[in-house]
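Read through the structure below, which is laid out as structure tokens, and then see the notes.
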Amino acid sequence: VQKDSDTAVAMVRILVKELGVPVSCKLRCIGGVETTVCFAQRLEEAGAALLTVHGRTLQQRDHQAISDFDVIRAVREAVSIPVLANGNCRTRQDAEWALQYTGCDGVMSAVGLLRNPRLFAATADTSAPADATLTSSGTLADPRLAFACAWEYLELADAFPPPEPRCVRDHLQVLLQ
């Protein structure tokens, strides 16, 4: 939908009008800073209550490049609604840096949280970041902790089944790498 920004903006406008609940939008970098900022402003004008900005283009989907946090920061500065930074938040330090650099209201993480579900937690007895126990690839170093997280994930997936069973397999594969 992002390829046709007019359609995306029209869809947001209709959703806001018809649903009666806040509508959030996720967008990627498109055609440089100015084009991305313009699109974000149009989504805000259409009624979006929150934006998540992924710092990569559609062509860079599979983590083929570092997220462009300058674009994310430009969007944050150009709109008045909350903005979440997305991309390259694989550790707690990455997330803290992204918040500080962009001024965003929060971060979104996918792969980082799949590899370490405790990414944003502090250990119970210290203020040490949860990712202190990660391997160089970003997965949990302690296999007992990884399996405990996997078991908890399976219990949650059983209680709240995902739309596709393969999601469970894919998530476990990343967690247990």
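Sequence positions, counted from 1, serve as the residue numbers for this chain. Fair warning: this is a prediction, and the values are worked out from it, not measured in the lab.
Taken from CD in Gln177 to CG in Leu172, the straight-line distance is 11.5 Å, to the nearest 0.5 Å. Once rounded to the nearest 0.5 Å, the distance linking CG of Leu99 with CZ of Arg76 reads 11.5 Å. For the atom pair CG of Asp68 and CZ of Arg28, the computed distance is 13.0 Å after rounding to the nearest 0.5 Å. Atom-to-atom distance recorded for Gln100:CD and Trp97:CH2 is 8.0 Å, nearest 0.5 angstrom. From Thr102, atom OG1 reaches atom CD of Glu77 across 9.5 Å, with rounding to the nearest 0.5 Å. Leu84 CG to His54 NE2: the interatomic distance, rounded to the nearest 0.5 Å, is 12.5 Å.
The minimum heavy-atom distance between Ala49 and Pro22, with the atom names listed, is CB-CB, 3.8 Å. Here the closest non-hydrogen pair linking Gly87 and Phe69 is O-CZ, 3.1 Å. Nearest heavy-atom pair, Ala146 versus Leu176, reported as atom, atom and distance to 0.1 Å: O-CD2, 3.8 Å. Of all heavy-atom pairs between Arg42 and Ser5, the closest is NH1-OG, 3.1 Å. Nearest heavy atoms, Asp105 versus Pro82: OD2-CA, 3.1 Å.
In this structure Ala110 satisfies the side chain to side chain contact (heavy atoms under 4.5 Å, CB included) test with no other residue, sequence neighbours excluded. Leu156 pairs by the side chain to side chain contact (heavy atoms under 4.5 Å, CB included) definition with Glu152, Phe160, not counting sequence neighbours. Among residues two or more places apart in sequence or in another chain, the ring pair (Phe, Tyr, Trp, His ring centres under 6.0 Å) test is passed with Phe147 by none. Residues passing the side chain to side chain contact (heavy atoms under 4.5 Å, CB included) test with Arg144, sequence neighbours excluded: Asp142. Residues that satisfy the side chain to side chain contact (heavy atoms under 4.5 Å, CB included) test with Val16, not counting sequence neighbours, are Val12, Val23.
Met108 is not listed as a side-chain neighbour of Cys89, based on a closest heavy-atom distance of 4.5 Å or more. Counting only heavy atoms from C-beta outward, the side chains of Ser24 and Leu51 never approach each other to under 4.5 Å. Looking only at side-chain heavy atoms (C-beta outward), Asn86 and Val107 stay at 4.5 Å or farther from each other. Contact of the Asp70 side chain with the Val33 side chain is not registered, since no non-hydrogen atoms from C-beta on lie closer than 4.5 Å.
Of the N and O atoms on the side chains of Asn88 and Arg56, at least one donor lies less than 3.5 Å from an acceptor on the other residue.
The cluster map of Ile, Leu, Val, Met, Phe, Trp and Tyr, joined by side-chain heavy atoms under 4.5 Å apart, puts Val79 and Leu15 in the same cluster. When hydrophobic clusters are built by joining Ile, Leu, Val, Met, Phe, Trp and Tyr residues whose side-chain heavy atoms come closer than 4.5 Å, directly or via intermediates, Leu27 is not grouped with Leu50. Residues Ile72 and Leu43 fall within the same hydrophobic cluster, defined by Ile, Leu, Val, Met, Phe, Trp and Tyr side chains chained together at heavy-atom separations under 4.5 Å. Neither Ile14 nor Val21 shares a network with the other; the hydrophobic side chains, linked directly or stepwise wherever heavy atoms of I, L, V, M, F, W or Y lie under 4.5 Å apart, form separate groups for each.
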Exercise for the section: For Ser109 and Arg90, run side chain to side chain donor-acceptor pair (under 3.5 Å): C-alpha distance rounded to whole Å, both residues' side-chain angles, the deciding distance at 0.1 Å, then the answer. Expected result: CA-CA 7 Å; Ser109 178; Arg90 295 187 179 108; over 6 Å; no

Handout entry: Evaluation steps, side chain to side chain contact (heavy atoms under 4.5 Å, CB included), between Cys149 and Leu175
Key = CA-CA 8 Å; Cys149 286; Leu175 175 61; 4.1 Å; yes

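Members clustered with Val174: Leu114, by chain and number, using a 4.5 Å side-chain heavy-atom cutoff among hydrophobic residues.
More than 12 heavy atoms of other residues, nucleotides or ligands shown are found within 6.0 angstrom of CD on Glu155.
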